[in-house]
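Atoms within a ligand are numbered from 1 in the order they appear, just like the ligands themselves. Note that these values count all heavy atoms, side chains included, but never hydrogens, waters or copies made by symmetry.
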Amino acid sequence: MHPMLRLVCTALLCSWTAQAVQAAPVTDARLANADNEPGQWLSVGRNRDEQRFSPLTRINTDNVSQLGLAWHADFDTNRGQEASPLMIDGVLYVTTAWSKVYAFDAVSGKALWQYDPKVPGGTGIKGCCDVVNRGVAAWGGRIYVGSYDGRLIALDAKTGKVVWQVVTVDQTKPYTSTGAPRIANGKVIIGNGGSEIGVRGYVSAYDAKDGTLLWRFYTVPGDPSKPYENEQLRKAAATWNGDLYWKLGGGTVWDGIAYDARTNLVYFGTANGTPWVAEARSPGGGDNLFLNSIIAVNADTGAYVWHYQTTPAETWDFDATSPVMLADLDLPAGRRHVLMQESKNGFFYVLDAASGQLLSADKYTTVTWASHVDMATGRPVEIAEARFGKTGKPAIVQPGGQGAHSWHPYSFSPRTGLVYMPVVETSTAFAPDPNYVARPGSANTAMGRTSPTIYNDLHSDAPRTSRAYLVAWDPVARRELWRSENRGTIASGVLSTAGGLVFQGAQKGEFAAFRDSDGMKLWSADPQTGVVAAPISYEIKGVQYIAQLAGYGSRDYYTGNRSRLLVYKLGGKHTLPPTGELPPARTFNPPPAFGDEALLARGADTYQVHCVMCHETQFGNRGLFPDLRVSPMINSADSFRTIVMDGVLEARGMVSFRDRITPADAEAVRAYLVRRAIDGKAAQAAVTAPVAAPAQRTAAPR
Ligand code: CA
């Protein structure tokens, strides 16, 4: 039996029974005073400042070596896990891929209820980066989840039964919802995703009681033949050219949102535009507001208050959607209530939370697209060669499209005054597609292909493979204090505690604790899978726990990805089931090459438009989707066609492309992949690892 199958049917998940949960309602007062309940984790960032800092101290630098597993639960999915749980009055609430919600007794791990919104498998194609979910919000005895297909669902916190649900997006368009909702004075705030394909971004506020839509703030102007929703959007329209902006859109709010009771503002970050390449998106220039911006709106009305655009006329996929975090900092100019963002573009921003005034912007990693941010104008000073759409020449840029950091939560410790943050050293070879035409419903990046030898051709010493780190950043002194390597190509989410500890998982399979003062690794455990989500901590009856959701591409698609919740305590003796024998990592086994150069070029172009988003590592594929060069399916035209054209794997998210490409296109893609596999095999000629048999998936998890 393949190990994945055993995991699907553990004792916990095969005997779900709804039963009463004794949980007190979360109120606005409790959320406002979260620091008075240090043992709880009431909202996804723990407090409204989204600091992800636990004031608990029972687990500390002196005893963390005794940390052991208290319990675990395995889930019925092998897709990516990105959520942080909540812990409210003894109940742990967590979401998994496909937007499923689970409630557990936080001490024993006993399953209390589960809810499955039954997201259609075919909606998987609507997102760039897997059918993930990053958590729930709690208020008034209810648990709120955004489902991948764009619903906002209120569940009874005691039973998991649906109280109400509303559709927050036009489901005929490629909108997704993966971020955790936030609560602002009885309202549920939720955004959406889809800027890689083309949708108009916005944030909505719903009445937490009954799901009534209260306000909506669009991040980019709409069809100019219709009235603008507000004066700000009318002004924003002057920063655009052409007509793609309202036909495709962008600027989605797919992750970072915060509510600040002190300013009564809701803050959120917006994504890139559609397409990525500014010259293709807005011919003739323009800043393209409010793409790649941090925006503040009035929490009661949704009215615009301020914005700061991190990357005007953005062209490298530098979404400004990273978590927004609030803190009071003693800056040289005095104590300030600030908003901080470790942005995807490589700059760490500190803004005045009330006014949006830029206080500092510093590189926290290697950045080659801009020299610095001009503090007088607030604008980045660009390196001309990096703007590849303007030069028309390929450019290798750091950070790459993956970003120096993306959604992965970071933590501010009031104990040390430091921000502990995931950082990736990465680069991308960008090139414009001179033949770009907008394709509604498909990936719209306007990125052209680059040669595999481009790094050599351009004599670039930029990293060709991403490397991840945990970095301790001083937001007042504006410098890095220490960094520790984080195993993988994605830097994982972070928790810091008053016990002097920083907890972080690793994509390549580890969960570890570091000393907050110097980064010394004091403890680690093997979760048997990759970890990218951020942990939380809670305390019940004098026992402190650390909870971590695991499961994200520990090796590759073919060896499987375990999805599980791990809960640790001092002296915990629980053990994980043995892993059994994993199949060896798959390597190249292509059939003979076929097709002439015209067919290969057709295959390459089709692949670039329709396949790269999921199947190339620089986009969504980080071991969660097959590397098609090593897929056995390229060895058979019939097998390839049944998947690509007939859609036999639709329930798992791989839809049919029959409405997008022809059977001849599909065969051209196969020819292209076979050629790439042959090239890959030649490049690895010294490697003689055996090829594994296809993993058995008779009851395929999805
Ligand atoms: Ca993006």
Looking at Arg182, Arg134, Lys344, which one forms a salt bridge (Lys or Arg N to Asp or Glu O under 4.0 Å) with Asp255?
->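 One option only clears the test, and that one is Arg134.
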Environment of the Ca ion (ligand 1) in terms of protein N/O/S atoms, cut-off under 3.0 Å |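 The answer is Glu196 OE2, Asn272 OD1, Asp317 OD1, Asp319 OD1, Asp319 OD2.
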Glu425 and Arg483: CA distance, side-chain angles, deciding distance, salt bridge (Lys or Arg N to Asp or Glu O under 4.0 Å) verdict = CA-CA 12 Å; Glu425 297 284 353; Arg483 68 169 51 196; 3.4 Å; yes
Which heavy atom in Tyr410 sits nearest to a heavy atom in Gln341, and how many Å separate them?
->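 Of all heavy-atom pairs spanning Tyr410 and Gln341, the closest is OH-CA, 3.4 Å.
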Distance (rounded to the nearest 0.5 Å) between Asp665 CG and Thr606 OG1 |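 Asp665 atom CG to Thr606 atom OG1 measures 4.5 Å (nearest 0.5 Å).
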Under the salt bridge (Lys or Arg N to Asp or Glu O under 4.0 Å) rule, what do Asp149 and Lys126 come out as? Steps first, then yes or no, please.
-> CA-CA 9 Å; Asp149 54 353; Lys126 291 187 175 184; over 6 Å; no
Quick one: side chain to side chain contact (heavy atoms under 4.5 Å, CB included) partners of Thr315, sequence neighbours excluded?
->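 So Thr315 forms a side chain to side chain contact (heavy atoms under 4.5 Å, CB included) with Val277, Ala278, Glu279, Arg387, Phe388.
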